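The structure appears below as structure tokens.
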Amino acid sequence: MRRIYMDHSATTCVDPSVLQKMLPFFSEKYGNPNSVHAWGREVRTAIDEARASVARLLNAEPREILFTGGGSEADNLAIKGVAESLSGKGRHVITSAIEHHAVLDTVKWLGKAGFDVTVLPVDSEGRVRVEDFRAAIRPDTILATVMYANNEVGTVQPIRELGEICREKGILFHTDAVQAAGHLPLDVRDLPVDLLTMAAHKMYGPKGVGALYVRKGVRIAPLVHGGGQEFGLRSGTENTAGIVGFGAAAELAARRIANGEIDKERRLRDRLIDGVLSRIEDVLLTGHRTERLPFHASFCIRYIEGEAMLLRLDFAGIGASSGSACTSGSLEPSYVLLAMGLDHATAHGSLRLTLGKDTTEEDIDTILETLPPIVGNLRAMSPFKKNA
Amino acid sequence: MRRIYMDHSATTCVDPSVLQKMLPFFSEKYGNPNSVHAWGREVRTAIDEARASVARLLNAEPREILFTGGGSEADNLAIKGVAESLSGKGRHVITSAIEHHAVLDTVKWLGKAGFDVTVLPVDSEGRVRVEDFRAAIRPDTILATVMYANNEVGTVQPIRELGEICREKGILFHTDAVQAAGHLPLDVRDLPVDLLTMAAHKMYGPKGVGALYVRKGVRIAPLVHGGGQEFGLRSGTENTAGIVGFGAAAELAARRIANGEIDKERRLRDRLIDGVLSRIEDVLLTGHRTERLPFHASFCIRYIEGEAMLLRLDFAGIGASSGSACTSGSLEPSYVLLAMGLDHATAHGSLRLTLGKDTTEEDIDTILETLPPIVGNLRAMSPFKKNA
Amino acid sequence: MSMYNEKVIQAFMSPKNVGAMENPDGVGEVGNPRCGDVMKIYLRVRDDRIEDIRFETFGCAAAIATSSTATEMVKGRTIEEALKLTNRDVAEALGGLPPEKIHCSLLAEEGIRAAIEDYRRRRQGLPPLPPRHDAVCHHEIPETGEETRE
Amino acid sequence: MSMYNEKVIQAFMSPKNVGAMENPDGVGEVGNPRCGDVMKIYLRVRDDRIEDIRFETFGCAAAIATSSTATEMVKGRTIEEALKLTNRDVAEALGGLPPEKIHCSLLAEEGIRAAIEDYRRRRQGLPPLPPRHDAVCHHEIPETGEETRE
Ligand SMILES: Cc1ncc(COP(=O)(O)O)c(C=O)c1O
Ligand SMILES: Cc1ncc(COP(=O)(O)O)c(C=O)c1O
């Protein structure tokens, strides 16, 4: 049985070419990049190169890229870092209801630490309304943080519009681009964002390394104090191999974007979406139909519950995910789907299938063969509706 | 020319056996450990095993080990985490003058955030005086943090005595054991510490992964908010390969300690110390003669400056380090050496040679041949003294 | 999610007693679609003995597995015996459940009790028990931090 | 530490004009051992021209390299020419220095000036210039965060 991994929003494999570049930095080029001697200097050079590669992916300057211990840490650093550095100027922060927990929980933590927080609602497709955003800005607003694209429903936010409002009002704008970076073209010279979060493991790089773009001139406070690495903003001996891997992944992503592979992915995604919608009754696509990540398909399959579907798919060799309650041990269904106005029972039936660079048309067809009988079988057990 | 790396306090190579265990977790077992499907579950198991291995090295329970993005982050988490969780109880924190910046700068940051901070002096061998420590404790003291062993001078602190005082007074005790873990036997069932920091890359594991031991029942607040990984105390997709590598490094360290390899290292260290002291005039050993890390030799070579020595050694194939000003771009010499009462000029001549598991007697002898002429040559240039 | 053991997986993948029943003697419906767990139990009773039992479940793998196992455990038993079934028995029969799934076994116990109550009401000529979809979602609160998300 | 270029390394590894001088015509000593930088310059002057020059330096590789290069640059020059030497000239001759090492080239410039001043004083029968070890450590403040430690 060919196993088909369809959970690339959760994490991706390290591309073999990326791993190849990382390998020398474990047991051979193992120096501490802060050391004076040759062992250290060769590693410092490699880190500089990786920083330049990640910068290039965003059209940023190397000096504007900080490496962190992951996407969540970069989100925390951006938000707490701005809050600490600008708390004298104001104490109001804006975010959206469908942010990743790394943003939402950080903003809520600020709320407990004496900040005012506005959490904006989203429409039924998961988009923040530009008018709401504009209306939320107050004289004491220092920061707005809205994700580039949502991990559960794939919706891409109107980041340019939101960023332009921030520019106009003179407040800083952070976007969590963990799902988008490496998959959509991003150009910070053109895009009005001040801080932008990335994670290597969502773009065929290693886990445990993230990056924060901080626009030149924007001052933030560090989260991790110490030796002063990463321009004083993220202390700690650098994760050399991880950073080198991130650099290689950024180069790979830039090539893929330049080669138009996004279009290929988008076509396969649409084949999947259309196939699911046409072959299964009482299914709805979650998120925006077109303003969505090119590799992202997400649904609610009515009358059945997500985890049960995942396990059946897993036994059929297909790795999928669900915002379903049960996957997290909580009984609440996805807060993202609820924020989009779905009722609880429907939200419990969520299913996310996220494609990767190696997903083939055959994979999609296999899924389209496999999923309907699983849904049928579980619906046959459901008290709500049978014989779908 | 055989190159001799003598900077194991700065970082170590990843042992090939450790790398071997990590390798499958990049491109094959790449699932997100929080995923329900098979890709995720196999990785979750590997993380559980690594946690158990690290716990075993300390005689802790797996539940007491949190993985972080490095030693510095673990220090920050321990200190800020306790401060946030206990700020209602008191706002006084004790530390020592010779802590690593990851501790010292974090405590100083607390100082700016409304905490009172006592920074204890050390004696000429770099040890905190137990009486000073006891006298510093106040009714509102919530935390003391004193490093297990110092990175610059190798001195091991009287952690048991300090910890016992903390127990008696009912305050939490953190120790930064980044230099000690994996090199000295540590048993948290026996040792009165509540929190203990480790870093994989100082014990033949990978860079970018650290761990914090948090004694059962001790509550700390997280530094990185988000998905709730690591028992809610360190969110973010786990650095799977790094964590697996840490587990493997912990097992390697446990074996090395059990095999008595520390004694071998200590003998080589003493051969180095005795050789340097006998072959070069006007040299002093920094740190304690016996209460020091088994792999750690550090000196001040009078009348010359550290960086110049390092570069000469580097060209002779020997990787060493110095707390010297010039290595960091600052003109102040090591604050550790100054805290031990050395004058500035002497402190500028510091040289650290830290042995590794693969250091041989021949390596030591090569160093003892190489160093004296370099010192002689630089002294010949020095306005202070010639013909050493 | 903690992992399910083999028995749970087996019961989930090949559940017994699945589906609606024509003209049942008692029906119980418990759980709350808000919580992602609804279980409907159908009984056929002869001589105070559960001659046949069926379930329909909307819920996770553990909910389906416990439905299957609980119905198997009471099939052929007297009403009195069936009422003694506890959620602990069900979880034990399954070789244990992850802590955050224990509430599923509670649902199975309650479903069977509700069906029996309905059966008794019908015998007394009372109107059938209405479905109880408004139940408070009862579950073990996971220890802080046990809950992780990607 | 930023890396040194080849020229700096070369000058550091094989410095010219090293060592004390017997009976010099002028001596200048600048820097501060607290800052890890002391430079002593010895001059022999004939017909207002620097016939010979020597240095002794306590300091880092850049301090030694700039001592060597600066002394080379003024050897054989007239006093007037030597006084025109700036730290920028020295840094340029070395193909550039890492930003945090620029202060070292300043020290070389100052050392030579101090030695010339001493030479002039002696010619006027004044007592020799005392060493100036109390100099404020002057250096480029590195940009925040440029400074990292292991
Ligand atoms: C004593 C001590 N504490 C903390 C650290 C910080 O660890 P890391 O650089 O891995 O974050 C180090 C090493 O750099 C250290 O030697
Ligand atoms: C949108 C978004 N933000 C942040 C994160 C957090 O990244 P990490 O888990 O690498 O810390 C993720 C993924 O988990 C994500 O999808």
Side-chain angles (χ1 to χ4, degrees), chain A residues 3 5 7 10-16 19 22 26-28 30-32 34-40 68-73 75-76 100-102 105-106 109 199 201 206-210 223-228 235-242 307 310-311 313-314 319-322 327, chain B residues 3 5 7 10-16 19 22 26-28 30-32 34-40 68-73 75-76 100-102 105-106 109 199 201 206-210 223-228 235-242 307 310-311 313-314 319-322 327:
Chain A
R3 293 173 73 217
Y5 181 76
D7 201 7
T11 195
T12 60
C13 66
V14 176
D15 187 78
L19 178 56
M22 294 170 66
F26 293 106
S27 304
E28 296 152 43
Y30 57 82
N32 186 319
N34 309 297
S35 295
V36 173
H37 47 59
W39 286 263
T68 69
S72 299
E73 190 193 324
D75 280 337
N76 277 254
H100 190 272
H101 278 103
D105 290 8
T106 304
W109 179 86
H201 75 101
K207 300 183 206 341
V209 55
L223 194 62
V224 176
H225 300 263
S235 290
T237 300
E238 292 87 343
N239 177 358
T240 318
E307 190 221 77
L310 295 196
L311 281 183
L313 283 168
D314 191 23
S321 79
S322 164
T327 61
Chain B
R3 292 173 73 219
Y5 182 76
D7 201 8
T11 194
T12 61
C13 65
V14 176
D15 187 77
L19 179 57
M22 294 171 66
F26 293 106
S27 304
E28 298 152 40
Y30 58 81
N32 186 319
N34 309 297
S35 295
V36 172
H37 47 60
W39 286 264
T68 69
S72 299
E73 189 192 325
D75 279 337
N76 277 255
H100 190 271
H101 277 103
D105 290 8
T106 305
W109 179 85
H201 76 99
K207 301 184 208 335
V209 55
L223 193 62
V224 176
H225 300 264
S235 290
T237 301
E238 292 87 342
N239 178 357
T240 318
E307 189 222 77
L310 295 195
L311 280 184
L313 283 167
D314 191 22
S321 78
S322 164
T327 62

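Note that the coordinates shown come from a computational prediction; the quantities given were computed from them, not determined experimentally. So you know, we letter chains A, B, ... as the sequences are listed, proteins then strands, and number each from 1.
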> Who pairs with His37(B) by ring-ring contact (aromatic ring centres under 6.0 Å, His included), at least two apart in sequence or on another chain?
Replying inline: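 Scan of His37(B) (ring-ring contact (aromatic ring centres under 6.0 Å, His included), adjacent residues dropped) gives Tyr5(A), Trp39(B).
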Between [X] and chain A, which part of the residue has a heavy atom less than 4.5 Å away: side chain, backbone, both or neither?
{"X": "Asp15(B)", "answer": "backbone"}
{"X": "Asn76(B)", "answer": "side chain"}
{"X": "Ala241(B)", "answer": "neither"}

Chain A contacts, top residue of [options] (heavy-atom pairs, under 4.5 Å):
{"options": "Pro16(B), Gly40(B), Ser27(B)", "result": "Ser27(B)"}
{"options": "Gly242(B), Ala102(B), Gly210(B), Gly70(B)", "result": "Ala102(B)"}
{"options": "Gly31(B), Gly236(B), Gly319(B), Gly69(B)", "result": "Gly319(B)"}

> Which region of Leu223(A), side chain (C-beta onward) or backbone (N, CA, C, O), has a non-hydrogen atom less than 4.5 Å from a non-hydrogen atom of chain B, or is it both or neither?
Replying inline: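 For Leu223(A), the contact with chain B is made by backbone and side chain together.
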> Checking Ala199(A) against chain B: side chain, backbone, both or neither under 4.5 Å from a heavy atom?
Replying inline: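 Interface part for Ala199(A): neither.
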Kindly compute the distance separating [atom1] ([X]) from [atom2] ([Y]), expressed to the nearest 0.5 Å.
{"X": "Glu28(B)", "Y": "Cys13(A)", "atom1": "CD", "atom2": "SG", "answer": "10.5 Å"}
{"X": "Asn34(A)", "Y": "Ser321(B)", "atom1": "CG", "atom2": "OG", "answer": "11.5 Å"}
{"X": "Asp7(B)", "Y": "Ser322(B)", "atom1": "CG", "atom2": "OG", "answer": "10.5 Å"}
{"X": "Asp105(A)", "Y": "Ser235(B)", "atom1": "CG", "atom2": "OG", "answer": "7.0 Å"}

>> With side chain to side chain contact (heavy atoms under 4.5 Å, CB included) as the test, pick out the partner of His201(A) among Thr11(A), Val14(A), Val209(A).
In response: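 Only one of Thr11(A), Val14(A), Val209(A) forms a side chain to side chain contact (heavy atoms under 4.5 Å, CB included) with His201(A), namely Thr11(A).
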> Considering residues at least two apart in sequence or located in another chain, which fulfil the side chain to side chain contact (heavy atoms under 4.5 Å, CB included) criterion with Thr12(B)?
Replying inline: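 Per chain and number, Thr12(B) pairs via side chain to side chain contact (heavy atoms under 4.5 Å, CB included) with His8(B), Tyr204(B).
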> Do you know which of Lys207(A), Met22(A), Glu73(A) has the most heavy-atom pairs with chain B at a distance under 4.5 angstrom?
Replying inline: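 If we count pairs closer than 4.5 Å to chain B, Lys207(A) comes out on top.
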